[in-house]
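Below: the structure, in structure tokens.
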Amino acid sequence: MFKKLKEKIRRITGRSNGLSVEERKKRLNDTVRGWVNYYKLADMKSLVTRLDQWTRRRMRMVTWKRWKRVRTRFYWLKRLGINKRKAWEWANTRKGYWRISGSHILARTLTNELFRRARYISFLDYYLSVRS
């Protein structure tokens, strides 16, 4: 069950599937709602916490991929509150998408709160709201 869900999320958050941001958000939110509603009777707080962390990392990876050029990365890092010098340094990184998605660079800029404001549903938040 868990492997199948992760595979579905991988397809939705793939770097080259051509989905728009809105379509990706809709599909991901539908998947979260459906999966949590189906398994809501199970005690799985630690599982949904890990799944939530992994999904957020996937979303950070997709966002970094979407900011293809160094100039774009620099612009968005500056806009998200990183100072100019560090933003330029981080925008020029040669690390891969998955590696950079787990780094402090994107964890500081693309926070969970930012995803929440963008109306992405968190596995943990939705699970806790359904269980209460």
Answer whether the closest heavy-atom distance between the side chains of [X] and [Y] falls below 4.5 Å.
X      : Y      : result
Arg116 : Glu113 : yes
Phe74  : Asn92  : no
Leu28  : Met59  : yes

When you group the ILVMFWY residues by side-chain heavy-atom contacts below 4.5 Å and let the links chain together, are [Y] and [X] in the same group?
X     : Y     : answer
Leu41 : Val32 : no
Trp64 : Leu19 : no
Phe2  : Met44 : yes

Are the charged groups of [X] and [Y] less than 4.0 angstrom apart, N to O?
X     : Y     : answer
Lys4  : Glu7  : no
Glu23 : Lys26 : no
Arg33 : Asp30 : yes

| request: Check Arg58, Lys8, Arg27 against Thr13 for a side chain to side chain donor-acceptor pair (under 3.5 Å) and give me the one that passes. | output: Arg58

Determine whether a donor-acceptor pair (N or O, by modelled atom type, separation under 3.5 Å) exists between the side chain of [X] and the backbone of [Y].
X      : Y      : value
Ser132 : Ser129 : yes
Asp52  : Val48  : no
Arg60  : Leu110 : yes
Lys6   : Trp54  : no
Arg57  : Trp98  : yes

| message | Please evaluate residues Leu106 and Thr63 with respect to the criterion side chain to side chain contact (heavy atoms under 4.5 Å, CB included), reporting the C-alpha separation (whole Å), side-chain torsions for both, the decisive distance (0.1 Å), and the verdict. | response | CA-CA 10 Å; Leu106 293 186; Thr63 305; over 6 Å; no

| request: Before giving the answer on side chain to side chain contact (heavy atoms under 4.5 Å, CB included), spell out for Ile9 and Phe123 the whole-Å C-alpha distance, their side-chain angles and the decisive distance to 0.1 Å. | output: CA-CA 12 Å; Ile9 292 173; Phe123 274 98; 3.8 Å; yes

Within this structure, what is the [atom1]-[atom2] distance for the pair [X] and [Y], rounded to the nearest 0.5 Å?
X      : Y      : atom1 : atom2 : value
Arg108 : Leu80  : CZ    : CG    : 11.0 Å
Ile105 : Leu77  : CD1   : CG    : 7.5 Å
Thr109 : Leu114 : OG1   : CG    : 8.0 Å
Leu124 : Thr55  : CG    : OG1   : 11.5 Å

Counting neighbours of [atom1] on [X] that are heavy atoms of other residues, nucleotides or ligands and sit closer than 6.0 Å, is the number greater than 12?
X      : atom1 : value
Arg131 : CZ    : yes
Lys45  : NZ    : no
Lys65  : NZ    : yes
Arg99  : CZ    : no

| message | Looking only at the side chains, is there a donor atom on one of Asn17 and Arg24 sitting less than 3.5 Å from an acceptor on the other? | response | yes

| Cation over ring face, Lys25 and Tyr120, 6.0 Å, 45° | yes

| said: side chain to side chain contact (heavy atoms under 4.5 Å, CB included) for Leu51 and Trp35? Distances and angles first, verdict last. | reply: CA-CA 12 Å; Leu51 193 57; Trp35 194 81; 4.1 Å; yes

| request: Before giving the answer on side chain to side chain contact (heavy atoms under 4.5 Å, CB included), spell out for Trp88 and Val70 the whole-Å C-alpha distance, their side-chain angles and the decisive distance to 0.1 Å. | output: CA-CA 8 Å; Trp88 185 251; Val70 171; 4.0 Å; yes

| request: Look at the aromatic rings of Trp76 and Trp67 and report parallel, tilted or perpendicular, splitting at 30° and 60°. | output: parallel

